[in-house]
Protein chains: 2
Amino acid sequence: MMSYMKRDSRLSGVLHVLLHMAAAETPMTSEVLARAMDTNPVVIRRILAGLREQGYVRSGKGHGGGWVLACDLKKVSLRDIWSALGSPPLLAIGNRTETPGCLVEQAVNRALGKSFADAEARLLAQLGKVSLATLVADLKPSMAAHHKETL
Amino acid sequence: MMSYMKRDSRLSGVLHVLLHMAAAETPMTSEVLARAMDTNPVVIRRILAGLREQGYVRSGKGHGGGWVLACDLKKVSLRDIWSALGSPPLLAIGNRTETPGCLVEQAVNRALGKSFADAEARLLAQLGKVSLATLVADLKPSMAAHHKETL
DNA sequence: CATCATGTAACATGATGAGTTACATGAAGC
DNA sequence: GCTTCATGTAACTCATCATGTTACATGATG
């Protein structure tokens with residue numbers, strides 16, 4: 001029948017960018033990052049601007065400028081990044097109205113609300129358990145394997 | 001900073017409509033239902049058309065026509081309804097690409113994917129446990145209380 | 001001082017959900 | 001049979017919103 005609201009992939013995208021930065025030794029320009037993410041440099045800057053405000057990354061202008069990580073990967077969780085993105089909604093579905101006058105709707109909200117809150121809390125807990133360092137560690141083996149393949 | 005993707009409230013809306021139908025003894029027209037949901041009759045028909053195909057409701061034309069429930073409330077779960085709506089995505093966030101060539105992105109996907117799948121499964125399980133009958137039962141007390149208040 | 005890179009505002013674009021109109025189909029009542 | 005009522009559905013408009021793009025300012029490096 002219908003529709004299918006598109007999923008927000010900013011978290012995924014930002015992580016991608018951050019891992020690339022973690023792997024690089026010199027600052028990466030928005031242009032390079034944009035190519036990796038198949039998007040526009042301005043988009044990259046927009047997203048990273050938020051992270052910079054919270055100290056996760058730093059940016060430099062001019063020659064040799066670009067973006068570098070500015071945090072301890074072991075201490076930053078995926079939840080922190082999600083939070084830095086402005087805590088965008090995790091669930092795609094929700095209640096029609098938050099404070100309905102209709103008793104029927106109130107009953108619906110009670111029933112759904114509980115499940116929603118539960119799922120959200122659980123997902124957050126999971127994200128809180130994974131650090132950027134974990135991701136990097138998870139990445140290395142596959143990089144090595146790939147190297148081997150392409151020898 | 002930004003954005004906030006709107007949440008899909010179709011499930012919530014449909015349940016609202018279904019409960020109204022459960023409370024009514026005669027068929028309800030799309031017009032009446034639309035007023036209750038503060039929307040347009042055509043929108044109601046569009047949504048309910050999907051449910052009809054799967055036997056959850058029936059519709060009748062002409063005088064005395066309208067919409068009636070056609071299922072055993074005890075046997076239909078919120079998950080069933082979600083399913084009948086075409087199983088719209090439950091999560092608002094997702095991976096940027098499903099089958100990335102980039103190794104970095106693959107690592108990100110692995111990490112996020114697990115958490116996402118987990119949260120989704122859990123939410124579905126919860127929805128599977130709640131039947132429409134449960135909702136109706138949950139509704140009655142508050143209806144009674146409201147009656148009392150307004151005597 | 002030329003070049004490079006970010007910072008940011010402003011605008012363009014495209015996708016999508018919801019609302020609306022219009023008309024066809026068919027059932028009930030008279 | 002004819003009128004009325006209700007759904008069925010296509011087609012269109014409309015508003016919203018994320019993303020892409022352009023343009024220019026700021027500032028660092030060589």
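So you know, we letter chains A, B, ... as the sequences are listed, proteins then strands, and number each from 1.
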**Message:** Looking at B:Q106, is its backbone amide N or carbonyl O close enough to the side chain of B:N109 to form a donor-acceptor pair, meaning the two atoms are under 3.5 Å apart?
**Reply:** no
**Request:** State, yes or no, whether a side-chain contact exists between B:D72 and B:L132 at a heavy-atom distance under 4.5 Å.
**Result:** no
**Gap between atoms CD1 and P, on B:I44 and D:dT7 respectively (whole Å)** = 10 Å
**Request:** Could you check how far CG of B:N40 sits from P of C:dG17, rounded to whole Å?
**Result:** 17 Å
**Message:** Is A:T29 close enough to C:dA5 that one of its side-chain N or O atoms is under 4.0 Å from OP1 or OP2 there?
**Reply:** no
**Request:** Measure from CG on B:L33 to P on D:dA6 and round the result to the nearest Å.
**Result:** 12 Å
**Message:** Between A:D80 and A:S77, do the side chains contain a donor N or O and an acceptor N or O under 3.5 Å apart?
**Reply:** yes
**Request:** Apply side chain to side chain donor-acceptor pair (under 3.5 Å) to B:S12 and list each qualifying residue two or more places apart in sequence or on a separate chain.
**Result:** none
**Item:** Within 6.0 Å of CG in A:D38, more than 12 heavy atoms from elsewhere
**Value:** no
**Request:** Answer yes or no: is there a donor N or O on one side and an acceptor on the other, between the side chain of B:R96 and the main chain of A:M37, under 3.5 Å?
**Result:** yes
**Request:** Rounded to the nearest angstrom, tell me the gap between atom CG in A:D38 and atom P in D:dA18.
**Result:** 20 Å
**Item:** Each stem that DNA chain D is part of, given as range with range (3 or more consecutive Watson-Crick or G-U pairs, under 3.5 Å)
**Value:** C:1-30 with D:1-30
**Request:** Run the numbers on B:D118 and B:S115 for side-chain hydrogen bond (donor to acceptor under 3.5 Å, both in side chains), then give the verdict.
**Result:** CA-CA 5 Å; B:D118 189 74; B:S115 299; over 6 Å; no
**Non-hydrogen side-chain atoms of A:L11 and A:L15 separated by less than 4.5 Å** = yes
**Message:** For DNA chain D, which residues of residues 56-70 of chain B approach it to below 4.0 angstrom with any heavy atom?
**Reply:** B:S59, B:G60, B:K61, B:G62, B:H63, B:G66, B:W67
**Request:** Kindly point out which of C:dT8, C:dT6, C:dA22 is positioned nearest to the side chain of B:V42?
**Result:** C:dA22
**Between D:dA18 (P) and A:L85 (CG): distance, integer Å** = 13 Å
**Request:** Side chain of B:R46 only, please: which of D:dG20, C:dT21, C:dA18 is the nearest?
**Result:** C:dA18
**Asked** How many Å lie between CE on A:M28 and C1' on C:dC4, as a whole number?
**Response** 17 Å
**Asked** What integer distance in Å separates A:R45:CZ from D:dC24:P?
**Response** 15 Å
**Request:** Specify the separation, in whole Å, of atom CZ of B:R10 and atom P of C:dG19.
**Result:** 12 Å
**Request:** Indicate yes or no: at least one non-hydrogen side-chain atom of A:L90 is less than 4.5 angstrom from one of B:L91.
**Result:** no
